[in-house]
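Single-structure report; data block below.
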Amino acid sequence: MTLPYTFAHDAFAAALQTTYVALTDGEESGVTVRVAGRVMLLRRQGKVAFATMRDSSGEIQLFAVASVTQEFEEFAKLHLGDWVGVTGEVVRTKRGELSVKVVNWVVLATALHNFGDKWAGISDYDLRYRHREADLWANPMTRTSLQRRSAVVRSVRERCWALGFLEVETPILNTIASGSDARPFSTHHNALDSDFFLRIAPELWLKRLVVGGFERVFELGRVFRNEGVSPRHNPEFTMLEIYAAYWNYEDMMSFTEELVAGVAMDVLGTTEIEYQGRAFSFAAPWPRRAMAELASEAVREDVSVHTPREQLASLLSERGVEAQTSWGSGRCLSQLFEVTCEATLWNPIFVTDFPVEISPLSRRHQSDPELVERFESYAIGRELSNGFSELIDPVDQRARFEDQARLAAAGETDTMRIDEDYIKALEWGLPPTAGLGLGIDRLAMLIADESNIREVIAFPTLKPLVDQ
RNA sequence: GCGCCGGUAGCUCAAUUGGCAGAGCAUUUGACUCUUAAUCAACAGGUUCCGGGUUCAAGUCCCGGCCGGCGCACCA
C-alpha cells in the first residue's frame, strides 16, 4: 500500500468545536471540511462507526456511515494510533457530539504499536522517557508540560529581545571549561587532534562580546555538566545567560524578578499558582536579604564572612557538616547558609552579598572587599538563578583564578579553571556590567507544576540499555 | 558514587504462608445503524528483567548483575 505524501487539510479539531458550538443535536451544517489526525478511540456499531480523532489542537469525532462513507468496512477496522485524513460534513450527532461525517478518507500512517491502555495510558517511567513519542499520545500532562516549557522559552526570548538584548551563540566546544564550578564532559576533535570540553557555562564568551561592544547580549542554550542525575538535575540543561553593560547586580535583580514574573503572566496569565499543592507567588518585587543575615537568623548568633573560620566550622559541625581544610570563612558561611536556609526558601527571594572566596568572577562589594556584589534567587527551596556585578579588573581576575588553582591543588574537585584568553579580553576593557544565569528547566518545572526535571525535558538523559 | 523501593502479557495491574501465572484494555474473529473508556461473544497472547543458589516445589526466599523511581552526595 502506498501511503499519500501529503494531505491538504483545512480545519482543526479545536476550531471546529468553537465554530460549530451552536449546531444542535442531529443538525447538519452543510459545510464540508478536511481534517487530519490520529485515531485515538474507535467504536463500531454495525453499519455506523465512531472514531475519536486527535490533532495538534484537540479532538473531534469522526462519524462513519456505511451508506455514506467510502470503504466503510476498512474504516471500521482502523487501529488505534493510525493517522488518517478525512473529508466530510460537519454535523452534530443525535447524542450531541460534534463530528465530521466521513465521506472520503485515507490512511496517512499506520501504528504498529499501541499507545498504552486507553484509559490508564502509560505510567512506566522507563517507557515514558525512552519513548516520549508514545508518552505524548498516552498522557495529556506530558503534552501540557512540554508545551509550557516551550512557552517559557518563547516568553524569555521575546522579553530579552524587547529590551534590546542581542541573542548570540557561543562555542560549546571549549579548550577550557570555565565560568562555573562543575566537572565537564570531554571529547576529541580528530582533524585538530585536540581535546575539547563541552561548555559548563557560556559566561566568559558572553562577557568577551560585551568587551567587543555588544552592550546587551544573551544566550539561551544548552550547557553540560558531568554531575549526578536527580529529579532536579539533568546532565544537559538549558540556561539563560544575559549581560547588560552599565548595570550592577541590583539592576540585574530587578530585571530577574520582572522577567520571571512576566514569564508566569505570559504562560499562565497569573503570578499566583499552586506548586505541588502549595501556594506559590512569582509576584515582584522579591525580598533581598544578605546571606550573612539569613545565616545569622538561622543559627541565632551573628555570623559573617569576618567570623573566625573555626567558629563557623564548629557551627557547621553541629549540623553534621565537616569543613574541609581548604575552606575559609567565606566558604564556611556559604555552607552554613545552604545547610540551614536553602530548603526553607519557598517563595522567590534574592540572597545577596556572597563571600569573595566562592565568587571568582564577581566584582567586590563596594562596602566590604571580602564580599562581592552577587545574588542568587531561590524558590521552592532551590537555586533558580545566579547573578552579579561582573569583575572587570584583569589583575584581580588573575588573582581570583590563582586562588581557585590553589584550591584545586588542595584537593577541591570543582574549581574554576584559569582562562588566559579571558584575562586578556578583560585587558581590552570590560565596562561595568551585570550578568545573570537562570535555569530554564527549573523555571519550566515551576510553571508546569512538575517535581521532576525530566517532565519538562522531551528526551532526558538516560542510561543506555546494555543490549543496544 | 551510596542507601531504600520497584521490574509479571503490547499497556494498566492482580497472584493469601513458597503450592496449577490471572483480569481489564489493545490485537485477532464474530454480532450490532447514534456511540462516548460503547456493549456482547469467542480466540490468541508469558524466558514473571537477566544469571546463579536454596527447596519436593520459586513471580514469591537468598546472592550477583541490568534498568527505573525516590533519598543522600555533587551540582543548577
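Below, read A as the first sequence line, B as the second, and so on, with proteins coming before strands; counting in each chain starts at 1.
In this structure B:G45 sits in no base pair that meets the Watson-Crick or G-U test at under 3.5 Å. Applying the Watson-Crick and G-U wobble criteria (two distances, each under 3.5 Å), B:G19 pairs with B:C56. B:A14 makes up no base pair with any nucleotide shown, lacking Watson-Crick or G-U wobble contacts both under 3.5 Å. For B:U8, there is no paired nucleotide, since no Watson-Crick or G-U wobble pair has both relevant distances below 3.5 Å. In a base pair of the Watson-Crick type (N1 to N3 plus N6-O4 or O6-N4) or a G-U wobble (N1-O2 and O6-N3), with each distance short of 3.5 Å, B:G1 is matched with B:C72. Base pairing annotation: B:U36 forms no Watson-Crick or G-U wobble pair, as no partner gives both donor-acceptor distances under 3.5 Å.
Across all strands shown, A:G116 has heavy atoms under 4.0 Å from sugar-phosphate atoms exclusively, and none from any base. Residue A:S180 is classed as a sugar-phosphate contact, given heavy-atom separations below 4.0 Å to backbone atoms only. Within 4.0 Å (heavy atoms only), A:Q45 reaches at least one base atom of the nucleic acid. As judged by a 4.0 angstrom heavy-atom cut-off over every strand, A:N386 is placed among residues making no nucleic acid contact. As judged by a 4.0 angstrom heavy-atom cut-off over every strand, A:Y125 is placed among residues touching the sugar-phosphate backbone only. Here A:G26 lies out of heavy-atom contact (under 4.0 Å) with every strand. Contacts of A:D441 with the nucleic acid, taken as non-hydrogen atoms under 4.0 Å apart, are absent. At the heavy-atom level, A:L438 lies nowhere under 4.0 Å from the strands shown. Nucleic acid contact for A:R232: base, since at least one base atom lies under 4.0 Å from a heavy atom of the residue. A:D126 comes within 4.0 angstrom of the backbone, heavy atoms only, and of no base. Note on A:F115: nothing from the nucleic acid sits closer than 4.0 angstrom, heavy atoms only. The residue A:K463 sits close only to the backbone: its heavy atoms come under 4.0 Å of sugar-phosphate atoms, none of a base.
Using a 4.0 Å cut-off between a side-chain N of Lys or Arg and a carboxylate O of Asp or Glu, A:K207 and A:E203 qualify as a salt bridge. Taking a cutoff of 4.0 Å between a charged side-chain nitrogen and a carboxylate oxygen, A:R331 and A:E357 do not qualify as a salt bridge. The existence of a salt bridge linking A:D135 and A:R132 is confirmed by a sub-4.0 Å separation between a basic side-chain nitrogen and an acidic carboxylate oxygen.
Straight-line distance from the CZ atom of A:R130 to the P atom of B:G10: 18 Å, rounded to whole Å. Put simply, CD1 on A:I457 is 16 Å from P on B:A76, counting in whole angstrom units. For the pair A:D25 CG and B:C34 P, the interatomic distance rounds to 15 Å; values are reported in whole Å. Between the P atom of B:C34 and the CD atom of A:E28 lies a distance of 15 Å, rounded to the nearest Å. Here the P atom of nucleotide B:A76 and the CG atom of A:D181 are 7 Å apart, to the nearest Å. Remark: P of B:A76 and CD of A:E227 are 8 Å apart, rounded to the nearest angstrom. Between the OH atom of A:Y129 and the P atom of B:C67 there is a distance of 17 Å, given to the nearest Å. With rounding to whole Å, A:M53 atom CE is found 16 Å from B:U36 atom C1'.
The phosphate of B:A76 has OP1 or OP2 within less than 4.0 Å of a side-chain N or O from A:R225. Distances shown here put every side-chain N or O of A:H113 at or beyond 4.0 Å from the OP1 or OP2 atom of B:A26. For the pair A:R44 and B:C34, the criterion of a side-chain N or O lying under 4.0 Å from OP1 or OP2 is not met. The side chain of A:N226 places no N or O atom within less than 4.0 Å of a non-bridging phosphate oxygen (OP1 or OP2) of B:C74. Residue A:K118 places at least one side-chain N or O under 4.0 Å from the OP1 or OP2 atom of B:A38.
Listed nucleotides B:G71, B:A38, B:U33 differ in distance to A:R43; the shortest reach to its side chain belongs to B:A38. Proximity note for A:L462 (side chain, C-beta onward) versus B:C70, B:G68, B:U33: the nearest is B:G68. Looking at the side chain of A:E97, the nearest of the listed nucleotides B:U12, B:G10, B:U36 is B:U36. Here the side chain of A:E383 is nearest to one of B:G68, B:A76, B:A73, namely B:A76. Side-chain proximity of A:W119 to the nucleotides B:A73, B:C11, B:A37 is greatest for B:A37.
With hydrogens and angles ignored, a donor-acceptor pair under 3.5 angstrom links the side chain of A:D117 to the base of B:G24.
Using atom C1' as the reference point in both B:U12 and B:G1, the two lie 34 Å apart (nearest Å). For the C1' atom pair drawn from B:G19 and B:A57, the interatomic distance equals 7 Å after rounding to whole Å.
Checking side-chain atoms of A:S389 against main-chain N and O of A:Y249 turns up a donor-acceptor pair under 3.5 Å. Within the 3.5 Å criterion, the main-chain N or O of A:Q276 finds a donor-acceptor partner in the side chain of A:D449. Remark: side-chain polar atoms of A:R374 are not paired, donor with acceptor, to backbone N or O of A:F388 under 3.5 angstrom. Not one N or O on the side chain of A:E322 forms a donor-acceptor pair closer than 3.5 Å with the backbone of A:L316.
With RNA chain B read from its 5' end, the first of the two nearest nucleotides for A:G439 and A:S123 is the one closest to A:S123. Looking at which nucleotide of RNA chain B each of A:F50 and A:L42 is closest to, the 5′-most match is held by A:F50.
Listed here is the closest heavy atom pair of A:I447 and A:A264: CD1-CA, 3.7 Å.
A donor-acceptor contact under 3.5 angstrom links the side chains of A:R149 and A:T238, judged on distance only.
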